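In what follows, a single structure is set out as structure tokens and then discussed.
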Amino acid sequence: MIEVKNLTKVYNETRGLFPTSFNVDKGELIAIVGHNGAGKSTLLKILSNTHLPDSGSVVIDGINLTDRLAMVRKIGFVSETPNLYEFFSVEYNFKLFAKLFNIKKGRIDELLKEFDLDSYRNTKVQSLSKGLKQRVNIGRSILSDPPILLFDEPTSGLDFEMTKEIFKLLREFHTAGKTILFTTHRPEEIKNLATRLMVLHQGRIVFDGSPTKYFQSKLHNELYLQ
Ligand SMILES: Nc1ncnc2c1ncn2[C@@H]1O[C@H](COP(=O)(O)OP(=O)(O)OP(=O)(O)O)[C@@H](O)[C@H]1O
């Protein structure tokens, strides 16, 4: 479904993402793990068309990622900082994005219910808790029902309960057939969630396989426990 070939984005000659290649099949739920500065956000920003790579290509279902019009409905991106209008209500935020994608009103009501946000419909985003804001942010990203979802640190700064809630959502999207890539600092948390784990270290993929294999390897120990 996604073919990434020699993707490169280099900042100041030593940082960023160095030639990276991998394929993603439909329905995979991939956790991209790595320390601060490993290149996780850079990779997701390129995949979401937010940043352009220096070189390399991304092809999704035979279409090049640079075809923005074709891609806009294929990919939902949840950046680390919520991409919302804080002074507007939850519903109005959804309406603004729905207009962009020409989405019918019924879909907004459906999402408000699905995300337990109905009672916050008229609440301004700025007065919501971090966890609720993240739910709105995620709701916004799936308004157009894209088949591919990218989440950059979706549980960053959230407590245990909220983290569980976000992981539950990811699981539900996965069950519904979405292809998902998300980043995290904490591999232990996604042991039972991800179908595949990629470890980025200093801009390079140093592991790509099942979470079970990763935890059986020495890598986790070397990267996180020493
Ligand atoms: N716009 C930029 N200009 C210069 N350097 C950058 C820029 N964006 C990222 N970098 C550098 O590239 C490297 C990879 O950054 P990136 O944000 O992709 O890492 P990350 O794994 O997402 O880290 P974090 O977990 O802290 O978000 C880091 O060393 C970062 O400082």
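Atoms within a ligand are numbered from 1 in the order they appear, just like the ligands themselves. Treat the numbers as computed from the prediction; the structure is a model and nothing was measured.
- Protein heavy atom at the shortest distance from atom 17 (O) of ligand 1 is Ser41 CB, 3.6 Å.
- With a 6.0 Å cutoff to the six-membered ring centre and a 45° limit on the axis angle, Arg135 does not count as a cation-pi contact of Phe115.
- Of the protein's non-hydrogen atoms, the one nearest atom 31 (O) of ligand 1 is Arg15 NH1, 3.4 Å.
- The residues Lys164 and Asp159 are annotated as not salt-bridged, no charged nitrogen and carboxylate oxygen being separated by less than 4.0 angstrom.
- Close contacts of ligand 1 with His35, meaning ligand atoms under 4.0 Å from a residue heavy atom, involve 21 (O).
- With 3.5 Å as the limit, one finds a donor-acceptor pair spanning the side chains of Asn64 and Thr66.
- Ion pair Asp25/Arg196 not flagged as a salt bridge, since none of the NZ, NE, NH1 or NH2 atoms sits closer than 4.0 Å to an Asp/Glu carboxylate oxygen.
- In terms of polar-atom proximity, defined here as any N/O pair under 3.5 Å, Asn12 makes no such contact with ligand 1.
- Annotation: Lys133, atom NZ; neighbour count of heavy atoms from other residues, nucleotides and ligands within 6.0 Å is above 12.
- The protein heavy-atom contact nearest to atom 14 (C) of ligand 1 is Gly37 O, 3.3 Å.
- Between Lys168 and Glu165 there is no salt bridge, since none of the side-chain N atoms of the basic residue sits less than 4.0 Å from a carboxylate O of the acidic one.
- The closest non-hydrogen atom to atom 24 (P) of ligand 1, taken over Thr42, Val33, Asn36, comes from Asn36.
- Looking only at protein heavy atoms, the nearest one to atom 25 (O) of ligand 1 is Lys40 NZ, 2.8 Å.
- Protein heavy atom nearest atom 19 (O) of ligand 1, with residue, atom name and distance: Gly39 N, 3.2 Å.
- Using a 4.0 Å cut-off to heavy atoms of Ala38, the atoms of ligand 1 that qualify are 19 (O), 20 (P), 21 (O).
- Residue Glu153 has at least one heavy-atom neighbour below 4.0 Å for each of these atoms of ligand 1: 25 (O).
- Aromatic ring pairs are classed by plane angle as parallel below 30°, tilted from 30° to 60° and perpendicular above 60°; the pair Tyr85 and Phe88 is tilted.
- Neither the backbone nor the side chain of Lys45 comes within 4.0 Å of ligand 1, counting heavy atoms alone.
- Using modelled atom types and a 3.5 Å distance limit, the side chains of Asp152 and Thr183 yield a donor-acceptor pair.
- Atom 9 (C) of ligand 1 has its closest protein heavy atom at Tyr11 CE1, 3.3 Å.
- Atoms of ligand 1 found under 4.0 Å from any heavy atom of Gly16, numbered from 1 in the order shown, are 12 (O), 13 (C).
- With a 6.0 Å cutoff to the six-membered ring centre and a 45° limit on the axis angle, Lys191 counts as a cation-pi contact of Phe215.
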